[in-house]
Amino acid sequence: MKKLKGIGVYSDIAIGKCSVWKNSFLLYPEYKISKKDVNGEINRLDEAIKKTIDEITILKENLKESAGEEYADIFNFHISLLQDENLRNETAKIIKNEKLNVESSLKKIVLKIGKIFGKEENDFLKDRRRDILDVVERIVSNLRKTPVTKVFKEEEIIVAHDLSTTQIVSLNRKFVKGFITDIGSETSHIAIIARALEIPSVIGVGNATEEVQNGDNLIIDGEEGIVIVNPVGSVINKYKRKKEELKKRKRRIYFLKKLPSRTNDGRYIKFLANIEFPEEIVSAEKNGYDGIGLYRTEYLYINRKNLPTEEEQFLAYKNIAEKVGKKPIIIRTIDIGGDKLIPNISGKKELNPFLGWRGIRFCLDRKDIFKSQIKAILRASVYGNIKIMFPMIATLEEVREGKKIVNEAKENLKKEKKEYKDVELGVMIEIPSAVFISDKLAKEVDFFSIGSNDLIQFTLAVDRLNEKITNLYQPCHPSVLKMIKITIDNAKKNGISVGICGEMASIPEIACLLVGMGIDELSMAPFLIPTIKEVIINSKYEKLKKISEEVFKFDTNDKIVEFLKKKLKGD
Ligand code: PEP
Ligand code: MG
C-alpha cells in the first residue's frame with residue numbers, strides 16, 4: 001500500500017482497478033511520400049480536419065447539455081483552430097516541401113509549438129498548448145482510424161500522464177469511475193471540466209504513471225487530493241464510509257440551501273462566495289450562496305501579454321451579473337502587486353512587494369487602467385446588483401481619490417452615451433491604519449469588508465506565505481480580534497454593513513464569534529458555505545454575542561481558540 005499526493009479536483013471517492021494509459025500519440029510511423037502523392041495526402045488532411053470539427057462540435061453540444069454553456073465554450077478555441085487556415089496551410093506546406101506524410105507533418109507542427117511555448121509556461125499557456133495537442137491528436141486519430149478514447153468493457157479508474165479536455169468529455173461515465181493524472185493545476189481546463197462533470201479526480205500527482213501498474217487497486221480521494229495504491233481492507237472500508245458521508249453531505253447541502261440564512265433566534269447573516277473565475281458561480285449556486293462577497297478581478301489581467309480592454313472587462317462583469325441575477329456581487333478593483341503581478345506593467349520585482357506598489361496605490365498611479373476597470377463595472381451594473389470595493393486602503397485620501405475617479409468615469413460614460421447605474425462603494429479593511437480610522441472611513445462609503453488574510457499579516461508582521469512562521473499567523477490573536485471589533489462597531493455606529501472575506505470567515509468557531517460580534521456577511525470559498533451555514537443557523541445570536549463579550553478575557557490566540565471550542569461544543 002502506498003499513498004500519492006496531488007490536487008483534489010472533485011470531492012468524491014472512487015475505488016477500483018486502474019488502467020494506465022501510455023500516450024503513444026507521437027509514436028506513429030514517419031515516412032516519405034512521392035511528389036505525385038502530395039495532393040492525395042493534403043486531401044487526407046482536409047478530410048480529417050473536417051471530421052474532427054464535426055466530432056468536437058458534437059462533444060461541445062453534449063457538454064453544453066451536461067454542464068452548461070460556459071464549459072462548452074472551452075471548445076470554441078479547438079473549433080476556431082481547426083477552422084483557421086493556418087494550421088491546415090502550415091501542415092500542407094510541410095507535406096509539399098518536405099514530402100512527408102500528414103501524421104509526420106503534424107508531429108513537426110506539435111514539436112514547433114512546444115518550442116514556441118517554452119518551459120516556463122503559465123496555466124493559461126499550458127491550457128492553450130494542451131488544447132492544440134488535443135486537436136492534433138484528434139486529427140491523427142481520424143487519419144489512422146483509431147479512437148482517441150478507448151472502448152471500455154469494465155469499470156476502471158484511469159491513470160494518465162495527462163488527459164485532454166475532449167478526452168474527458170468523451171469518457172464513458174458508466175465505466176470510468178475517476179481519473180488521476182501526472183500533470184495539471186487547480187485552474188486547468190481538465191480540472192474545471194472534471195468538477196463540472198462531477199468526476200472524482202486527483203491531478204498533478206507528478207509520477208502516477210510510473211508509481212502505478214496496470215490493474216492495481218486504487219482509492220481516489222478527490223477531497224483531500226490523495227491516491228492510495230493497493231489499499232488494505234480496513235482502509236477500503238474507511239473510504240467506503242467516507243464516500244457515504246460525502247453523499248450524505250451533498251444531500252444535506254440540498255436541504256441547507258432551502259433554509260433561510262439566519263441564526264436560530266432570527267438574526268439574518270449573508271453567506272457569500274469568494275470567486276476568482278466566473279466558472280465558480282456554478283459551485284456557489286450548488287452550495288446555496290446569498291451573493292458574491294469578493295470577486296477578485298486580478299485574473300482578468302495576469303496570464304496575458306496585454307491589458308484587457310474596457311469592453312472585454314464589461315462583457316466579463318456583465319456575464320457574471322447575468323448569472324448571479326438579483327443577488328449582490330462585490331467586485332474588488334484590481335489588487336495587483338504582492339504575489340500577483342501584471343507582466344510589463346507591475347515594474348521590477350520589489351523588495352517588500354506586500355507593502356509595495358499594489359492595490360489602490362497602483363490604481364491611483366495608473367488612473368488610465370483604473371478608470372477603464374471602473375467604467376466597465378459601472379456599465380455592467382445595469383445587468384445586476386453590483387457593488388465596487390477598493391482593496392488595500394490605508395488612508396482617507398485614497399478613498400476620496402478613488403471616489404473621484406468613479407465620478408469621472410460616470411461623466412465619461414454620460415458623454416459616451418453609455419448606460420450605467422449608481423453603485424454602492426465599499427472598502428476592504430485589511431490594514432491596521434484603516435481599522436483605526438474606520439469611524440471616518442465609514443462616513444465615506446456604503447460598506448466595509450474585512451480582509452482578515454492581510455489584516456493578520458500586517459498586524460502581526462507575519463508574511464502570510466512564509467511557511468516557517470505559520471505558528472505566528474494567529475487569527476484569534478487578541479489584537480486581531482480587537483481590530484475586527486473596532487471595525488464592526490464603527491460600521492454599526494454609522495449605519496453601514498460590514499462583512500468579512502478573509503479565510504477567518506470559514507473557520508466554524510471563528511465564524512460564530514464574528515456573528516456574535518455583529519458581522520453581517522461571511523464570505524468564503526463556495527464549497528465551505530454549507531458547513532458554515534449549518535453551524536450558524538443552528539446557533540443563537542444572543543448566545544454568540546455573550547461569547548464574543550467574554551473572549552477578551554483571554555490573552556493569547558490558543559486560549560481564545562480553546563475557549564471558543566469549549567463554549568460552542570453542543571451548541
Ligand atoms: C484578504 O486579504 O483577507 C482578502 C480577502 O484578500 P486577498 O486574500 O485577495 O488579499
Ligand atoms: Mg487582501
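This structure is a prediction, so every number in the text was calculated from the model and none was measured. In each ligand, atom 1 is the first atom listed, and ligand 1 is the first ligand listed. Start at 1 with the first residue, then count along the sequence.
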Trainee: Test your reading of the structure: does Arg358 have an N or O sitting under 3.5 Å from an N or O of ligand 1?
Mentor: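 Checking ligand 1 against Arg358, no N or O pair falls under 3.5 Å apart.
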Trainee: I'd like to check which ligand 1 atoms, numbered from 1 as shown, lie under 4.0 Å from a non-hydrogen atom of Cys501.
Mentor: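 Taking each heavy atom of Cys501 in turn, ligand 1 has 5 (C) under 4.0 Å.
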Trainee: Out of all atoms in ligand 1, which are within 4.0 Å of some heavy atom of Arg464? Include the element for each.
Mentor: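 In order of number, 2 (O), 7 (P), 8 (O), 10 (O).
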Trainee: If you apply the rule side-chain contact (heavy atoms from CB on, under 4.5 Å), what do you find for Tyr317 with Gln373, and how did you get there?
Mentor: CA-CA 10 Å; Tyr317 304 142; Gln373 182 178 32; 3.0 Å; yes
Trainee: Pick one of side chain, backbone, both or neither for how Met392 approaches ligand 1, counting any non-hydrogen atom pair under 4.0 Å.
Mentor: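 Neither; nothing of Met392 gets under 4.0 Å from ligand 1.
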Trainee: Report the name of the N/O/S atom of Asp454 located nearest to the Mg ion (ligand 2).
Mentor: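 Looking only at N, O and S atoms of Asp454, the one nearest the Mg ion (ligand 2) is named OD2.
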Trainee: Does Lys258 make a cation-pi contact with Tyr254 (under 6.0 Å, within 45 degrees of the axis)?
Mentor: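 Geometry flag: set, cation within 6.0 Å and 45°.
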Trainee: Which of the atoms of ligand 1 are close to Glu430, meaning less than 4.0 Å from one of its heavy atoms?
Mentor: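 Within the 4.0 Å cut-off of Glu430, ligand 1 contributes 1 (C), 2 (O).
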Trainee: Please state whether Met428 comes within less than 4.0 angstrom of ligand 1, counting heavy atoms only.
Mentor: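 Met428: in contact with ligand 1 (<4.0 Å).
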Trainee: Are any N, O or S atoms from Asp335 nearer to the Mg ion (ligand 2) than 2.8 Å?
Mentor: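 No - counting backbone and side chain alike, Asp335 has no N, O or S atom under 2.8 Å.
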Trainee: Run Cys512 and Ile536 through side-chain contact (heavy atoms from CB on, under 4.5 Å) and show every step you take.
Mentor: CA-CA 6 Å; Cys512 288; Ile536 300 294; 4.0 Å; yes
Trainee: Between Lys327 and Asp290, is there a salt bridge with N-O shorter than 4.0 Å?
Mentor: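 Not counted as a salt bridge, because no side-chain N and carboxylate O are separated by less than 4.0 Å.
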Trainee: Determine whether the side chain, the backbone, both or neither of Glu298 has a heavy atom under 4.0 Å from any heavy atom of ligand 1.
Mentor: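 Neither part.
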Trainee: May I ask you to test the Asn453-Glu430 pair for a side-chain heavy-atom distance under 4.5 Å?
Mentor: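 They are not in side-chain contact.
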Trainee: Whether the Lys403 and Asn407 side chains hold a donor-acceptor pair (N or O, under 3.5 Å, no angle test) is what I'd like checked.
Mentor: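 Looking only at side-chain atoms, Asn407 and Lys403 do not form any donor-acceptor pair under 3.5 Å.
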Trainee: Applying side chain to side chain donor-acceptor pair (under 3.5 Å), run through Asp520 and Ser497 and close with a yes or a no.
Mentor: CA-CA 6 Å; Asp520 302 305; Ser497 69; 4.9 Å; no
Trainee: Step by step, work out the side chain to side chain donor-acceptor pair (under 3.5 Å) result for Tyr268 and Arg262.
Mentor: CA-CA 4 Å; Tyr268 279 89; Arg262 60 169 184 238; 2.8 Å; yes
Trainee: How does Leu294 reach ligand 1, by side chain, by backbone, by both or by neither, if only non-hydrogen atoms under 4.0 Å count?
Mentor: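 For Leu294, the contact with ligand 1 is made by the side chain alone.
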Trainee: With a heavy-atom distance limit of 4.0 Å, tell me whether Arg296 approaches ligand 1 through its side chain, its backbone, both, or neither.
Mentor: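 It is the side chain that touches ligand 1; the backbone stays farther off.
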Trainee: For ligand 1, which atoms have a heavy atom of Gly451 less than 4.0 angstrom away?
Mentor: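 Here the atoms of ligand 1 in question are 1 (C), 2 (O), 3 (O).
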